[in-house]
Asker: 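Dropping a structure here in structure tokens format, bear with me for questions.
We use all heavy atoms of the structure for the numbers below, so side chains are in, but hydrogens, waters and symmetry mates are not. Quick caveat, the model's predicted, so the values are computed rather than measured.
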Amino acid sequence: MNPYLGFLPQTVGYDHLSTTLHECSFRGLSPEVTYWVSLGRLTSDNCWMNFTTTPVEGDTKRTTFWALGDMGTLRPEQNEVRDAAYKAFEEANRYRPLNDTRPPVDHILLLGDNAYDYGLQQEYQMKLFDVYEGMFSSVPIWPTVGNHDTYSGQTPHPYHEIFTTPMK
């Protein structure tokens with residue numbers, strides 16, 4: 001078994017047809033282990049995602065962040081920046097061991113204005129999640145709300161329905 005992979009021998013039931021927003025909490029995970037999860041029925045065509053837990057507190061391991069701000073525009077420059085970053089990540093991680101399945105960055109920081117123009121649910125889907133789907137399915141995201149994320153006129157703002165952030 002790959003030493004970086006963890007196994008969660010549990011199934012959590014929910015009505016997956018009533019919503020497209022899902023939130024899961026896990027307890028008792030080991031540090032610096034990649035866990036694979038799937039949403040939906042347990043079939044081979046499920047959408048598998050993974051995440052890697054943080055190192056033990058006090059560990060001096062190198063940690064990498066990808067900071068993105070004012071990016072949810074769907075302009076050509078957004079894809080150009082994404083593609084250049086993916087290429088740089090690939091080059092930087094070229095010498096990792098073959099059995100190292102961790103993503104190329106440890107965390108993603110969203111610095112605000114994540115979905116132009118109004119921060120609507122469909123803008124988040126098209127201009128953020130669809131554009132970065134390969135990375136977002138395997139890296140913890142730490143979002144910050146920007147002014148464009150609150151122009152929807154909806155209460156609560158879609159930002160607050162999409163992201164769950166730590167309370168402490």
Asker: Could you grab the distance from atom CZ of R27 to atom CG of L29, nearest 0.5 Å is fine?
Answerer: 10.0 Å
Asker: Between Y116 and F136, is there a shared hydrophobic cluster once you connect ILVMFWY residues whose side-chain heavy atoms come closer than 4.5 Å?
Answerer: no
Asker: Check the surroundings of atom CZ in F163: do more than 12 heavy atoms from other residues, nucleotides or ligands lie under 6.0 Å from it?
Answerer: yes
Asker: Flag yes if more than 12 heavy atoms outside E77 fall under 6.0 Å of its CD atom; otherwise flag no.
Answerer: yes
Asker: Going by side-chain heavy atoms closer than 4.5 Å, which hydrophobic residues are tied to F65, directly or by a chain of links?
Answerer: L109, L111, W142
Asker: Could you tell me which non-hydrogen atom of T165 sits nearest to which non-hydrogen atom of P143, and how far apart they are?
Answerer: CG2-CG, 3.8 Å
Asker: Give a yes or no answer on whether the side chain of R82 reaches the backbone of Y132 with a donor-acceptor pair at less than 3.5 Å.
Answerer: no
Asker: Please list all pairs meeting salt bridge (charged side-chain N to carboxylate O under 4.0 Å, His left out) that have one or both residues in residues 118-140, counting only residues at least two apart or in different chains.
Answerer: E123-K127
Asker: Measure the shortest side-chain to side-chain distance between V145 and H157 over non-hydrogen atoms and say whether it is less than 4.5 angstrom.
Answerer: no
Asker: Return the minimal non-hydrogen interatomic distance between S152 and P158, and the atom names on each side.
Answerer: OG-CD, 3.3 Å
Asker: Does a side-chain N-to-carboxylate-O contact under 4.0 Å join D106 and R62?
Answerer: no
Asker: Can you check side chain to side chain contact (heavy atoms under 4.5 Å, CB included) on D113 and N147, steps first, answer last?
Answerer: CA-CA 6 Å; D113 292 343; N147 61 318; 2.9 Å; yes
Asker: Over all heavy atoms of both residues, which pair between S30 and Y35 is shortest? Give the atoms and the distance, please.
Answerer: N-OH, 2.9 Å
Asker: Mind checking the CD-CG spacing from Q122 to L120? Nearest 0.5 Å is all I need.
Answerer: 4.5 Å
Asker: Examine distances only and state if a side-chain atom of E91 and a backbone atom of K87 form a donor-acceptor pair shorter than 3.5 Å.
Answerer: no
Asker: Is there a side-chain contact between T144 and L110 in this structure, where contact means two heavy atoms from C-beta onward sitting under 4.5 Å apart?
Answerer: no
Asker: Is there a continuous path of hydrophobic side-chain contacts, each under 4.5 Å between heavy atoms, that joins Y159 to Y118?
Answerer: no
Asker: Mind checking salt bridge (Lys or Arg N to Asp or Glu O under 4.0 Å) for E57 and listing every partner two or more places apart, or none if nothing turns up?
Answerer: none
Asker: Tell me the closest heavy-atom pair linking Q78 and L74, and the distance in Å.
Answerer: OE1-N, 2.6 Å
Asker: Given L68 and W66, is the side chain to side chain contact (heavy atoms under 4.5 Å, CB included) satisfied, shown in steps?
Answerer: CA-CA 6 Å; L68 297 164; W66 185 18; 3.5 Å; yes
Asker: Got a second to check how far Y86's OH is from N79's CG, nearest 0.5 Å?
Answerer: 9.5 Å
Asker: Any side-chain donor paired with an acceptor under 3.5 Å for Y124 and D149?
Answerer: yes
Asker: How many angstroms lie between atom CD of E161 and atom CD of Q154, to the nearest 0.5 angstrom?
Answerer: 7.5 Å
Asker: State, to 0.1 Å, how close H148 and D117 come at their nearest heavy-atom pair, and which atoms those are.
Answerer: ND1-O, 3.2 Å
Asker: Nearest heavy-atom pair of E32 and T53: which atoms, and what distance?
Answerer: N-OG1, 2.9 Å
Asker: For the CG atom of D70 and the CG atom of N114, what is their distance to the nearest 0.5 Å?
Answerer: 8.5 Å
Asker: Taking C-beta and beyond as the side chain, do L128 and M71 meet within less than 4.5 Å on heavy atoms?
Answerer: yes
